[in-house]
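These notes concern the structure reproduced below.
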Amino acid sequence: MVGLEMRVVKYRAVLLFGAPGSGKGTQGTILGTIPGFHHCACGDVFRALDYGSALGQKFAEYSARGELVPDDITIELWSSQIANMVQLRRYKPEIDLLALDGIPRSVRQAELLQQHLDVHHVFHLSCPDRGKLVDRLKRRALKENRLDDANEEVIRNRLSSYEEQTKPVLDFYVRTFGPDIVTQVDATQWPYQVLRFILEHLEDSQRRARSPVFAGSQSVPA
């Protein structure tokens, strides 16, 4: 209507960040089962594509080579998925804290997402042993029938793409928000230990904040 301004909604979010195989998807999936969180994995959005569509075919071309999907396609897909979840009320932005993994994958994506996200924290799941990451991805490929993770050459290409294009995103958030926005997490621990660390950190951050991270509760669900 004339005279009314369009209000831009910024989603409260924590980012699960790390190389392929670091366990960010595992942590996001678990967080998504806890009241007060909504998990969105960019990889799941891609895998749900109709590969008969033009967009699906374009994604398949990049995935087969272990390359990153172009930024504009990635943000378009992500925005559409989030809007759909809000419309279906599976994600309630006024209540839920968005747990994102697999996005942003480049500094440009991080810049584009600034208008959509209110980033509360970035958890960097660190696993310096590349051989361990390769082994994890191979096991996941067998367990989940993810053919994109079955070829070792593709895996190593994905890891190289992460180092060159995605890891600099950490520096972007440090420059934008200061060093306290990023917390290093030892991804070689058992998954329950990583989860406990993340939840405890969020709870401590909430206690220090003037307003609660979770709009509908007084403490982080555990």
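Basis for what follows: all heavy atoms, side chains included, without hydrogens, waters or symmetry-related copies.
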I'd like to know if I30 and Y192 are part of one continuous hydrophobic network [Ile/Leu/Val/Met/Phe/Trp/Tyr, side-chain heavy atoms within less than 4.5 Å].
no
In this structure, would W190 and L133 fall into the same cluster of hydrophobic residues linked by side-chain contacts under 4.5 Å?
no
Verdict with reasoning, F123 to H121, per ring-ring contact (aromatic ring centres under 6.0 Å, His included):
CA-CA 7 Å; F123 290 98; H121 210 75; 4.9 Å; yes
Taking atom NZ as the centre, does K167 end up with more than 12 heavy-atom neighbours from other residues, nucleotides or ligands that are less than 6.0 angstrom away?
no
Side chain to side chain contact (heavy atoms under 4.5 Å, CB included) partner of [X], the single match among [options]:
| X | options | result |
| --- | --- | --- |
| L15 | L98, D101, L113, V122 | V122 |
| L195 | Q189, Q27, E200 | Q27 |
| L31 | L199, L202, T26 | L199 |

Using only atom types and a distance under 3.5 Å, with no angle test, would you say the side chain of S80 pairs donor to acceptor with the backbone of E76?
no
How close do [X] and [Y] get, heavy atom to heavy atom, and via which atoms?
| X | Y | answer |
| --- | --- | --- |
| S106 | D71 | OG-OD1, 2.8 Å |
| S126 | Q184 | CB-OE1, 4.1 Å |
| G21 | L137 | N-CD2, 3.6 Å |
| G18 | K24 | O-NZ, 3.0 Å |
| H124 | Y162 | NE2-OH, 3.5 Å |
| L97 | A13 | CD1-N, 3.8 Å |

Do [X] and [Y] come within less than 4.5 Å of each other through their side chains, counting heavy atoms only?
| X | Y | answer |
| --- | --- | --- |
| K138 | E152 | yes |
| T166 | S161 | no |
| R175 | F172 | yes |
| T74 | C42 | yes |
| L159 | E163 | no |

Going through the checks in order, is the side-chain contact (heavy atoms from CB on, under 4.5 Å) test met by R105 and Q165?
CA-CA 7 Å; R105 295 190 178 189; Q165 301 181 51; over 6 Å; no
Roughly how far, to the nearest 0.5 Å, is the [atom2] atom of [Y] from the [atom1] atom of [X]?
| X | Y | atom1 | atom2 | result |
| --- | --- | --- | --- | --- |
| Q81 | M85 | CD | CE | 4.5 Å |
| I155 | E153 | CD1 | CD | 11.0 Å |
| H116 | Q114 | NE2 | CD | 10.5 Å |
| Q109 | D72 | CD | CG | 9.5 Å |
| R90 | C40 | CZ | SG | 12.5 Å |
| L100 | Y11 | CG | OH | 11.0 Å |

Between Y173 and F17, is the ring centroid distance below 6.0 Å?
no
Pair R89 + E94, salt bridge at N-O below 4.0 Å:
yes
Hey, mind stepping through F197 and T183 against side-chain contact (heavy atoms from CB on, under 4.5 Å) and telling me if it holds?
CA-CA 10 Å; F197 180 90; T183 293; 3.5 Å; yes
I198 and L16: CA distance, side-chain angles, deciding distance, side-chain contact (heavy atoms from CB on, under 4.5 Å) verdict:
CA-CA 10 Å; I198 290 173; L16 302 172; 4.1 Å; yes
Would you please test R156 and R130 for side-chain contact (heavy atoms from CB on, under 4.5 Å) and show each step?
CA-CA 9 Å; R156 294 191 180 280; R130 177 173 282 211; 3.9 Å; yes
